[in-house]
Amino acid sequence: MFVTAAFTLYVGQLRDAVFALLWIHARPTTRAVGRLGLAGQYREANWARHAHAFARPVGQLNWKPRGREPPRRPQPEVAVMTVMSIARFERFFRAAAGLDVDKNDLKRYSDFVDAKLYDLLTVAQATAKANGRDIIRTCDLPITKGLQESIHHFQKIDQEVELKPILEQLATHPALDRTPDEETEATYPDIIGGLSLALAQCFKILHPDLKNPQTQHWDEARAVFDFLL
């Protein structure tokens, strides 16, 4: 067994040496590469890529081809943005209705926003279809008087809270039969902001002394909006 391992090591080192010499002699100079054209440069890059893939440290017997690199760790900016998002989310609900929410409420809030925006777009899609249009316009959205007032109130609060950039990331929806135009899509953050303000105030209407919304309170508020939107 020792003889076999030594022979394998020797053969591997000899193969690497031969391969290195072939690479040095076969590799064109930088000036020559410039004359190869795109096809030649592609072959040169492809040769280098394979040479790098098949190289191995000397003396490593159990060699395996290099696979995909492990996933990179999240950058520090991502974690900072998450903390900033939670902080603004908490500040908004305090300003809107004196409520104390935390990061555990973000999932409930995100689900609420997704569902209600989709409900509005579903009705808008039906309106566009009834008017013989393939495009959803802003006028197709069923924005009620109360929701419009909540949007205006949100825009005033958001001057201090600055939640709108975060809402722009939440303004997504499943594919629709009718495509919203750019003007309509641009209104999503404000609509979500109006829905968020109405949600916060709905908590207070249902439970005037409420400070920390629990699962029951979220379910009750969601049921109210399901009846209205």
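Bear in mind that the values here come from a model prediction, so they are computed numbers and not experimental data. What's counted below: heavy atoms across the whole structure, side chains too, no hydrogens, waters or symmetry copies.
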*What about Tyr118 and Leu167, same hydrophobic cluster or not, with Ile/Leu/Val/Met/Phe/Trp/Tyr joined at side-chain heavy-atom distances under 4.5 Å?*
yes
*Non-hydrogen side-chain atoms of Val101 and Pro213 separated by less than 4.5 Å*: yes
_To check you understand the geometry: which heavy-atom pair defines the closest contact between Lys129 and Arg178, and what is its length?_
CG-NH2, 3.5 Å
*Could you tell me whether the side chain of Ser110 and the main chain of Leu106 form a donor-acceptor pair under 3.5 Å?*
no
*Count the heavy atoms of every other residue, nucleotide or ligand shown that sit under 6.0 Å from NZ of Lys103, and state whether that count exceeds 12.*
no
*Starting at CG of Asn131, measure out to CG of Asp134 and round the result to the nearest 0.5 Å.*
12.0 Å
_Single-linkage hydrophobic cluster, 4.5 Å side-chain cutoff, Leu206 and Phe203 together_ = no
*Flag, side chain of Arg88 to backbone of Glu162, donor-acceptor distance under 3.5 Å*: yes
Which pairs of donor and acceptor atoms, one on a side chain in residues 220-229, lie under 3.5 Å apart (sequence neighbours left out)?
| unit_1 | atom_1 | unit_2 | atom_2 | d |
| --- | --- | --- | --- | --- |
| Glu220 | OE1 | His207 | NE2 | 2.6 |
| Glu220 | OE2 | Gln216 | NE2 | 3.1 |
| Asp226 | OD1 | Lys116 | NZ | 2.6 |

*asked:* For a quick test of reading the model, state the closest non-hydrogen atom pair linking Ile157 to Ala95 and the distance between them.
replied: CG2-CB, 4.1 Å
Atom pairs and distances, side-chain donor-acceptor, residues 187-200, under 3.5 Å, sequence neighbours left out:
| unit_1 | atom_1 | unit_2 | atom_2 | d |
| --- | --- | --- | --- | --- |
| Thr187 | OG1 | Thr184 | O | 2.5 |
| Asp190 | OD1 | Lys164 | NZ | 3.4 |
| Asp190 | OD2 | Gln155 | NE2 | 3.4 |
| Asp190 | OD2 | Lys164 | NZ | 3.4 |
| Ser196 | OG | Tyr109 | OH | 2.5 |
| Ser196 | OG | Ile192 | O | 2.7 |

*Do Trp218 and Phe112 have their ring centres less than 6.0 Å from each other?*
no
_How long is the straight-line distance from CG of Asn104 back to CG of Asn212, given to the nearest 0.5 Å?_
11.5 Å
*Shortest non-hydrogen contact from Asp102 toward Phe89*: O-CE2, 3.7 Å
*Please round to the nearest 0.5 Å and tell me the distance separating atom CG of Asp105 and atom NE2 of His217.*
11.5 Å
*For Asp100, does its backbone N or O pair with a side-chain atom of Lys211 as donor and acceptor, under 3.5 Å?*
no
_Can you tell me how far apart CG (Asp177) and OG1 (Thr122) are? Round to the nearest 0.5 Å._
9.5 Å
_Minimal non-hydrogen separation, Glu149 against Lys145, with atom names_ = OE2-NZ, 2.6 Å
_Pairs touching residues 152-161 that satisfy salt bridge (Lys or Arg N to Asp or Glu O under 4.0 Å), sequence neighbours left out_ = none
*If you look at every heavy atom in Leu176 and Gln125, which pair is closest and at what distance?*
CB-OE1, 3.2 Å
_Contact summary for Leu99 and Arg94, nearest pair of heavy atoms_ = O-CG, 3.1 Å
*asked:* Nearest 0.5 Å, please: how far is OG1 in Thr144 from CD in Gln148?
replied: 8.5 Å
_If we ignore hydrogens and angles and just use 3.5 Å, is the side chain of Arg137 paired with the main-chain N or O of Cys139 as donor and acceptor?_
no
_Can you tell me how far apart OG1 (Thr127) and CG (Leu141) are? Round to the nearest 0.5 Å._
8.5 Å
*Is any side-chain N of the basic residue among Asp111 and Arg108 closer than 4.0 Å to the acidic one's carboxylate O?*
no
